[in-house]
Amino acid sequence: MSAPADSIEIQNVVASTGIGQELDLEALAEDLPGADFNPDNFPGLVYRTQEPKAAALIFRSGKIVCTGAKSIDDVHEALGIIFEKLRGLSIPVDEDPEITVQNIVSSADLGHNLNLNALAIGLGLEDVEYEPEQFPGLVYRMDEPEVVILLFGSGKIVITGGKRTDDAKTAVEEIVKRIDDLGLLG
Amino acid sequence: RLRKWQERIRTKDAGERNLQFALSEIDRMASALGVPRSVREVASVIYRRALNEDLIRGRSIEGVATSALYAACRQEGIPRSLDEVAEVSRVPQKEIGRTYRYISQELGLELKPVDPKQFVPRFASSLGLSEEVQSKATEIIDVSAEQGLLSGKSPTGFAAAAIYAASLLCNEKKTQREVADVAQVTEVTIRNRYQEQIEAMGFR
DNA sequence: GCTTTAAAAAGTAAGAT
DNA sequence: ATCTTACTTTAGAAAGC
């Protein structure tokens, strides 16, 4: 018996932090191999780590956004690599910068096909956005936990907007309950 | 103060002019789309409601007017696709879709998902297909939707495939290209939906 | 509101073969 | 006709227009 919650996989974690030091991005772009910096397009410098794979947006203020990591541990690991790289360039970086998780994107499988038309009406048109002409997924905004769930006809779903690790699990259990109560789960 | 008074008049005039512009745009687009007068009236009501609830702030008048018309067509059961609406509007399709979702949510329109069957009469008649083909296409849509094939699929593509299939079954064949053109979808989409629908109907 | 980053879901589209 | 690539949706931070 495999519960839908057991199929949850974190796909992306977005986090922010800061080194507590202003940066000269022009100079950093020169000293940091592989850095992408196009100030005309975007004010942040893009730096990618290979292991773990992640992308960091480094700003002049010293603030950093890390995205693309597959776990919170990976976020810390990737940022740790970046902090060391900066220190290696004689840039003072705070001892242990606070890292804040801003968003976690997860995927899961409910294990049954879904009738999205019936679900749109059953879950309540006021909380649902389902426009298959524009996007095949049904968008459901849940209040507790405060996340957005994308549901597809295949039964596969995406949970995003959560900041805590267990938000996805709570959300999946809740949406399964609601769909089941409507008699729309397989 | 006289100045304050004049400003009020100016603001009122500007607002009145904007409303007139929006309503004339709705009228122009509705004519181009060939929708009945009743739909234009529903669109006007939706636009005025959006105006009263201050939903136009930060959005273009034309965008809200177009979205109101798109919503009105759906509400009246004679939907136009976003592509069709975008063709007669000066607002990009992406913005129409976004604005529609916004006003639909804020005004609590609660419109049900578009039913592919609602496109059948219009698409079929512009292809010169008979009543028989239309009812066959409708049947195909009902049967395949009941079997869960509709979830996530574009209503226009779904309708187009059913019309194509029905035209074959009734010996009034239209090519995939002809159907694709009136429905504004690609032949690939018709082919994909057609295969699933034929199988759902039990025709291998 | 936009710009950039990453990732999943599934449908549709465009260009190449 | 089939393949590849790319774009649609969701969330969130960053700095600046």
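What you are looking at is a predicted structure, and each value in this text was computed from that prediction instead of being measured. Below, chains carry the letters A, B, ... as their sequence lines are ordered, and counting in each starts from 1. All values below were derived from every heavy atom in this structure, side-chain atoms included, with hydrogens, water molecules and symmetry-related copies excluded.
The nearest whole Å value for the distance from the CG atom in A:L116 to the P atom in C:dG11 is 10 Å. Between B:Q176 atom CD and C:dA13 atom P the separation is 13 Å, expressed in whole Å. Between the CG atom of A:L25 and the P atom of C:dT4 there is a distance of 17 Å, given to the nearest Å. Whole-Å rounding puts the A:F42 CZ to C:dA6 C1' distance at 13 Å.
Proximity of residues 140-165 of chain B to DNA chain D (heavy atom under 4.0 angstrom from any strand atom) is not detected for any residue. Taken residue by residue, residues 47-59 of chain A places heavy atoms nearer than 4.0 Å to DNA chain D at A:L57, A:F59.
Residues meeting the salt bridge (Lys or Arg N to Asp or Glu O under 4.0 Å) test with B:E178, sequence neighbours left out: none.
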Distance-only check: which donor-acceptor pairs under 3.5 Å involve side-chain atoms of residues 123-131 of chain A, not counting sequence neighbours?
from	atom 1	to	atom 2	distance (Å)
A:Y130	OH	B:G152	N	2.8
A:E131	OE1	B:R74	NH1	2.6
A:E131	OE2	B:R74	NH1	3.3

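When the P atom is used for both D:dT4 and C:dA6, the distance is 22 Å, rounded to whole Å. To the nearest whole angstrom, the two P atoms, one in D:dC7 and one in C:dT3, are 12 Å apart. Taking atom P on both C:dA8 and D:dT2, the two are 27 Å apart, rounded to the nearest angstrom.
To the nearest 0.5 Å, the span separating CG on A:L185 from CZ on A:R178 amounts to 14.5 Å.
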Which letter, B, S or -, goes with each nucleotide of nucleotides 3-11 of chain D from 5' to 3', with contact meaning a protein heavy atom under 4.0 Å?
-> -----BBBB
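For the pair B:R59 and B:Y102, the cation-pi test (distance below 6.0 Å, angle within 45°) is passed.
Of the candidates D:dA1, C:dA14, D:dA13, the closest approach to any side-chain atom of B:R191 belongs to D:dA1.
Taking a pair as Watson-Crick or G-U wobble with both distances under 3.5 Å, the runs of three or more consecutive pairs in DNA chain D are C:1-5 with D:13-17, C:10-17 with D:1-8.
Between the side chain of A:T67 and the base of C:dA6 there is at least one donor-acceptor pair of N/O atoms closer than 3.5 Å.
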